[in-house]
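Notes to accompany the following structure.
Just so you know, residue 1 is the first one in the sequence shown, and it goes up from there. Source: prediction; values computed, not measured.
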Amino acid sequence: MGLLRIMMPPKLQLLAVVAFAVAMLFLENQIQKLEESRAKLERAIARHEVREIEQRHTMDGPRQDAAFDEEDDIVIIYNRVPKTASTSFTNIAYDLCAKNRYHVLHINTTKNNPVMSLQDQVRFVKNITTWNEMKPGFYHGHISYLDFAKFGVKKKPIYINVIRDPIERLVSYYYFLRFGDDYRPGLRRRKQGDKKTFDECVAEGGSDCAPEKLWLQIPFFCGHSSECWNVGSRWAMDQAKYNLVNEYFLVGVTEELEDFIMLLEAALPRFFRGATDLYRTGKKSHLRKTTEKKLPTKQTIAKLQQSDIWKMENEFYEFALEQFQFIRAHAVREKDGDLYILTQNFFYEKIYPKSN
């Protein structure tokens with residue numbers, strides 16, 4: 001007995017396809033509304049938390065400037081580059097904030113836009129510098145470097161950051177948009193459903209893996225000038241290098257994240273006391289991995305490396321790596337394969353005039 005096949009008339013087939021398409025559009029619209037509602041709820045919760053903290057400080061009495069310990073008058077800005085282990089590192093700051101007595105605040109920009117409007121720049125600078133209730137404070141978010149000196153600020157915040165091999169960062173971001181990660185596995189991602197591998201994307205000349213997508217770490221360090229976001233700008237790279245050396249306290253690399261954390265703990269214990277042990281032996285709550293990630297082939301890597309954009313981003317990465325390794329070499333010593341922070345290597349003598 002053969003298989004019974006039920007064939008639908010063409011008109012019914014067309015109606016079924018249309019109905020399915022309408023249903024999918026409806027579901028997409030509902031998901032978008034839910035995501036917008038979630039974002040509004042998160043903002044409302046954040047505003048409520050801020051009001052609670054401000055009320056608590058008001059009840060405790062206004063903080064007197066004279067009694068405001070200089071050690072507490074510190075603000076760190078971590079203008080995190082996407083897919084550089086930024087969430088992993090930030091979670092360490094969250095884990096330590098209660099114990100080390102500082103505040104952590106996420107800078108949530110609309111659609112993760114790294115460039116602020118001029119009026120938002122003014123608001124942000126004012127918030128950072130005058131919001132004493134949030135000091136000492138650790139601010140983090142996907143924003144490009146902002147020069148506080150332009151706004152007449154006397155005491156600038158401390159900038160830190162982490163960067164990553166540019167191709168590895170792009171590959172991680174490519175799969176993150178499609179499959180998410182193990183940090184929030186249920187969250188729907190922008191490119192969810194696209195099963196195309198990174199290798200296939202590069203072979204087909206896709207836009208999501210184009211060399212232009214590599215241009216991100218340079219503009220993040222360059223800042224808010226228009227030329228910073230001009231893909232392939234030599235001026236932007238030179239400015240990014242200048243800022244890295246002159247405006248950043250420390251810039252680490254994803255591939256050597258533990259050493260970056262160790263140096264921060266040694267130099268800024270007010271914030272990072274206990275960070276190294278937490279990273280090494282903690283519950284691993286700080287770890288975050290992109291799911292379904294497939295390493296690119298040598299052919300794919302070679303094709304991207306032909307691009308002038310890759311050459312510039314890689315030059316900037318190598319520059320940052322060399323700077324980080326130089327700082328580390330003068331701050332630690334190696335014994336039996338482990339690194340140890342050097343003790344103080346300077347002292348004062350020949351102090352005049354002599355006291356009676």
Practice task
Hey, could you give me each pair passing salt bridge (charged side-chain N to carboxylate O under 4.0 Å, His left out) that has a residue in residues 254-269? Not counting sequence neighbours.
Solution key: Glu256-Arg328, Glu258-Arg280, Asp259-Arg328
Exercise for the section: Assess whether atom CD of Gln119 is packed by more than 12 heavy atoms of other residues, nucleotides or ligands within 6.0 Å. Expected result: yes
Practice task
Ignoring hydrogens and angles, tell me if any N or O in the side chain of Thr84 forms a donor-acceptor pair with the backbone of Arg164 under 3.5 Å.
Solution key: no
Handout entry: Heavy-atom pair with the smallest gap, counting every atom of Pro82 and Leu216
Key = CD-CD2, 3.8 Å
Handout entry: Evaluation steps, side-chain contact (heavy atoms from CB on, under 4.5 Å), between Tyr317 and Asp165
Key = CA-CA 6 Å; Tyr317 168 76; Asp165 174 276; 4.3 Å; yes
Handout entry: Min side-chain heavy-atom separation Tyr139-His106 under 4.5 Å
Key = no
Handout entry: Atom pair NZ (Lys303) and CH2 (Trp310), whose distance is rounded to the nearest 0.5 Å
Key = 16.0 Å
Exercise for the section: In plain terms, say whether Arg270 and Asp72 are close enough for a salt bridge, that is, a side-chain N and a carboxylate O under 4.0 Å apart. Expected result: yes
Fill in the blank from the handout: What one should report as the nearest heavy-atom pair of Ser233 and Glu227 is OG-OE2, 2.8 Å
Problem - Greater than 12 external heavy atoms within 6.0 Å of Leu342's CG - result: yes
Exercise for the section: Find out whether Ile77 and Ile158 are in side-chain contact, i.e. whether some heavy atom of one side chain is under 4.5 Å from a heavy atom of the other. Expected result: no
Completion exercise
To the nearest 0.5 Å, atom NE2 of His142 lies from atom CG of Asn79 at 10.5 Å
Problem - Spatial distance of atom CZ (Phe89) from atom CG (Asn161) [nearest 0.5 Å] - result: 9.5 Å
Problem - Mutual orientation of the aromatic rings belonging to Tyr145 and Tyr248 [parallel < 30°, tilted 30-60°, perpendicular > 60°] - result: tilted
Problem - 4.5 Å side-chain heavy-atom contact, Arg273 and Leu96 - result: no
Practice task
Answer yes when Asp73 and Lys155 have at least one side-chain N-carboxylate O distance shorter than 4.0 Å, and no when they do not.
Solution key: yes
Exercise for the section: Please step through salt bridge (Lys or Arg N to Asp or Glu O under 4.0 Å) for the pair Asp338 and Arg333, ending with a clear verdict. Expected result: CA-CA 8 Å; Asp338 292 324; Arg333 62 182 176 87; over 6 Å; no
Problem - Side-chain donor-acceptor contact under 3.5 Å, Asn132 with Lys135 - result: yes
Handout entry: Pairing of Glu168 and Lys83 as salt bridge, 4.0 angstrom limit
Key = no
Practice task
Mind telling me whether Phe271 and Phe138 have parallel, tilted or perpendicular rings, with 30° and 60° as the class edges?
Solution key: tilted
Practice task
Taking atom types as modelled, find out whether Arg80 and Thr87 have a side-chain donor-acceptor pair closer than 3.5 angstrom.
Solution key: yes
Exercise for the section: Using the test ring-ring contact (aromatic ring centres under 6.0 Å, His included), find all partners of Phe26 that sit at least two apart in sequence or belong to another chain. Expected result: none
Problem - Minimum-distance pair of heavy atoms, taken over all atoms of Pro296 and Ile301 - result: CG-CG1, 4.0 Å
Problem - SB check Glu315 Arg234 (cutoff 4.0 Å) - result: yes
Practice task
First locate atom CG of Asp308, then atom CD of Glu313, and finally report the distance between them rounded to the nearest 0.5 Å.
Solution key: 13.0 Å
Handout entry: Gln344 side-chain N/O to Phe346 backbone N/O, donor-acceptor pair under 3.5 Å
Key = yes
Problem - Val251 side chain reached by Phe221 side chain, heavy atoms, under 4.5 Å - result: yes
Handout entry: ILVMFWY network linking Phe316 to Trp235, side-chain heavy atoms under 4.5 angstrom
Key = no
Problem - Side chains of Phe151 and Leu146 in contact at under 4.5 Å (non-hydrogen atoms) - result: yes
Fill in the blank from the handout: Output for pair (Leu105 CG, Asn127 CG), nearest 0.5 Å, gives 10.0 Å
Problem - Minimum heavy-atom distance between Asn100 and Pro269, given as atom pair plus value - result: ND2-O, 4.4 Å
Handout entry: Over 12 non-hydrogen atoms of neighbours within 6.0 angstrom of OH in Tyr242
Key = no
Completion exercise
Nearest heavy-atom contact between Ile163 and Ala320 is CD1-CB, 3.3 Å
Practice task
Check the hydrophobic clustering (I, L, V, M, F, W, Y; side-chain heavy atoms under 4.5 Å; chains of links allowed) and say if Val245 and Val253 are grouped together.
Solution key: yes
Exercise for the section: Answer yes or no on whether Lys354 is positioned over the face of Tyr352, meaning its NZ or CZ is under 6.0 Å from the six-membered ring centre and within 45° of the axis. Expected result: yes
Practice task
Hey, could you give me the OH/NZ distance between Tyr175 and Lys196, rounded to the nearest 0.5 Å?
Solution key: 11.5 Å
Problem - Min side-chain heavy-atom separation Tyr78-Val162 under 4.5 Å - result: yes
Practice task
Could you verify whether a donor N or O on one side chain and an acceptor N or O on the other, from His140 and Tyr94, lie under 3.5 Å apart?
Solution key: yes
Exercise for the section: Using modelled atom types only, decide if a donor and an acceptor are shared between the side chain of Ser225 and the backbone of Cys228 within a distance under 3.5 Å. Expected result: no
Handout entry: Salt-bridge contact Lys241-Asp238 (side-chain N to carboxylate O under 4.0 Å)
Key = no
Completion exercise
Of all heavy-atom pairs linking Leu170 and Cys209, the shortest is CD2-O, 4.2 Å
Practice task
Measure up the Tyr174 and Phe198 rings against each other and bin them: parallel (under 30°), tilted (30 to 60°), perpendicular (over 60°).
Solution key: perpendicular
Practice task
Side-chain contact test, heavy atoms from C-beta onward, threshold under 4.5 Å: evaluate it for Val231 versus Ile309 and give yes or no.
Solution key: yes
Handout entry: Minimum side-chain heavy-atom gap Leu244-Phe319 below 4.5 Å
Key = yes
